[in-house]
Amino acid sequence: MLGSERGRVVGWIARYLPLEVLGTVAAVAGAAAAYEVTGSLVAAAVAGTVAEGVGYYALVLVRGIRGHLASRRVRRHRSATRRASAAVLLALRGLVAEFGPAEALDTFLVRPALLIAATAALGPNPTGWLVGKLAADVVFYAVAIVSFELGRRLILPDGGADAPSAPVPGAGRHAAPTAGANRPAPSAPRLDGALR
């Protein structure tokens, strides 16, 4: 039991840490670039916030799209356009299911409240801001993890189950056999513990 819980925690870290790192790097780069151009702290704060969201959720979408493109559900479509559209829509659905509740709670209630509380207790200094940010991150990830665990079937390709691969679209009964055609196909990749 302890081993499975440890594995689950490792999976969460593998899933969310790269997002946090990329979002933080994007936030700092965006804020620095905006400040360099405008000289305005307000512009830098807005640019850093937007850049963080773009960096964070871009990686979520890229991983989701790649996973869904390899999934049985998407590969059954014959046209490349339909496969791409299905993968994008499924990735967007997964993003909303996993992060929608956490983002709404974080943006409109938790983060502002914890930043205010931390700076009121520790002063408006880097320590106060950092403590408020980290406390808000804990709440954000707690909600995101619960959403992920409850919504695996919506979020992960093929519901997170290892499923046999579907036939390659366009390969009808007249298609020439390929080498290794009698071997079982590899299962679709899982994203719950792997980085894409």
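Counting from 1, the numbers follow the sequence of the chain as shown.
- For the atom pair Ile65 CD1 and Leu89 CG, the distance stands at 9.5 Å (nearest 0.5 Å).
- Across Ile13 and Pro18, no two heavy atoms sit closer than the pair O-CD, 3.8 Å.
- Between the CZ atom of Arg83 and the CZ atom of Arg76 there is a distance of 12.5 Å, given to the nearest 0.5 Å.
- Minimum interatomic distance between Ala118 and Gly128 (heavy atoms only, all atoms of both residues): CB-O, 3.3 Å.
- Both Val9 and Phe148 belong to a single network of hydrophobic side chains, linked directly or stepwise wherever heavy atoms of I, L, V, M, F, W or Y lie under 4.5 Å apart.
- Between atom NZ of residue Lys133 and atom OG1 of residue Thr24 there is a gap of 5.0 Å, rounded to the nearest 0.5 Å.
- Val60 is connected to Leu17 through a chain of hydrophobic side-chain contacts under 4.5 Å among Ile, Leu, Val, Met, Phe, Trp and Tyr, so both are in one cluster.
- Checking each of Asp106, Leu105, Thr107 against Leu109 for a side-chain contact (heavy atoms from CB on, under 4.5 Å) leaves exactly one that passes, namely Leu105.
- Residues satisfying the side chain to side chain contact (heavy atoms under 4.5 Å, CB included) test with Ala43, not counting sequence neighbours, are Thr38, Ser40.
- Taking all atoms of both residues into account, the shortest heavy-atom contact from Ala97 to Ile155 is CB-CG1, 3.9 Å.
- Remark: side-chain polar atoms of Ser71 are paired, donor with acceptor, to backbone N or O of His68 under 3.5 angstrom.
- Residues Glu20 and Tyr56 share a closest heavy-atom pair of N-CE1, 3.9 Å.
- Cluster annotation: Leu122 and Val138 are assigned to distinct hydrophobic clusters (Ile/Leu/Val/Met/Phe/Trp/Tyr, side-chain heavy-atom contacts under 4.5 Å, transitive).
- Ring geometry for Phe140 versus Phe99: interplanar angle under 30°, hence parallel rather than tilted (30 to 60°).
- When hydrophobic clusters are built by joining Ile, Leu, Val, Met, Phe, Trp and Tyr residues whose side-chain heavy atoms come closer than 4.5 Å, directly or via intermediates, Leu19 is grouped together with Leu92.
- Between the CG atom in Leu156 and the CZ atom in Arg15 there is a gap of 5.5 Å [rounded to 0.5 Å].
- Between the side chains of Glu103 and Tyr57, a donor-acceptor pair is found at a separation under 3.5 Å.
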Let's go through Arg82 and Val74 carefully: what are the C-alpha distance in whole Å and the side-chain angles of both, what is the deciding distance for side-chain contact (heavy atoms from CB on, under 4.5 Å) to 0.1 Å, and is it a yes or a no? CA-CA 8 Å; Arg82 294 216 37 200; Val74 170; over 6 Å; no
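- For the atom pair CD (Glu149) and CH2 (Trp12), the distance works out to 5.5 Å, reported to the nearest 0.5 Å.
- The 12-atom threshold is not exceeded at OH of Tyr35, counting heavy atoms of other residues, nucleotides or ligands nearer than 6.0 Å.
- Taking OG1 of Thr119 as the reference point, atom CH2 of Trp129 lies at 4.5 Å (rounded to 0.5 Å).
- A continuous path of Ile, Leu, Val, Met, Phe, Trp and Tyr side chains, each step under 4.5 Å between heavy atoms, connects Leu61 with Val88, placing both in one hydrophobic cluster.
- When all heavy atoms are compared, the tightest approach of Ala51 to Gly30 is CB-CA, 4.0 Å.
- Considering all non-hydrogen atoms of both residues, Arg72 and Asp158 come closest at N-OD2, 2.6 Å.
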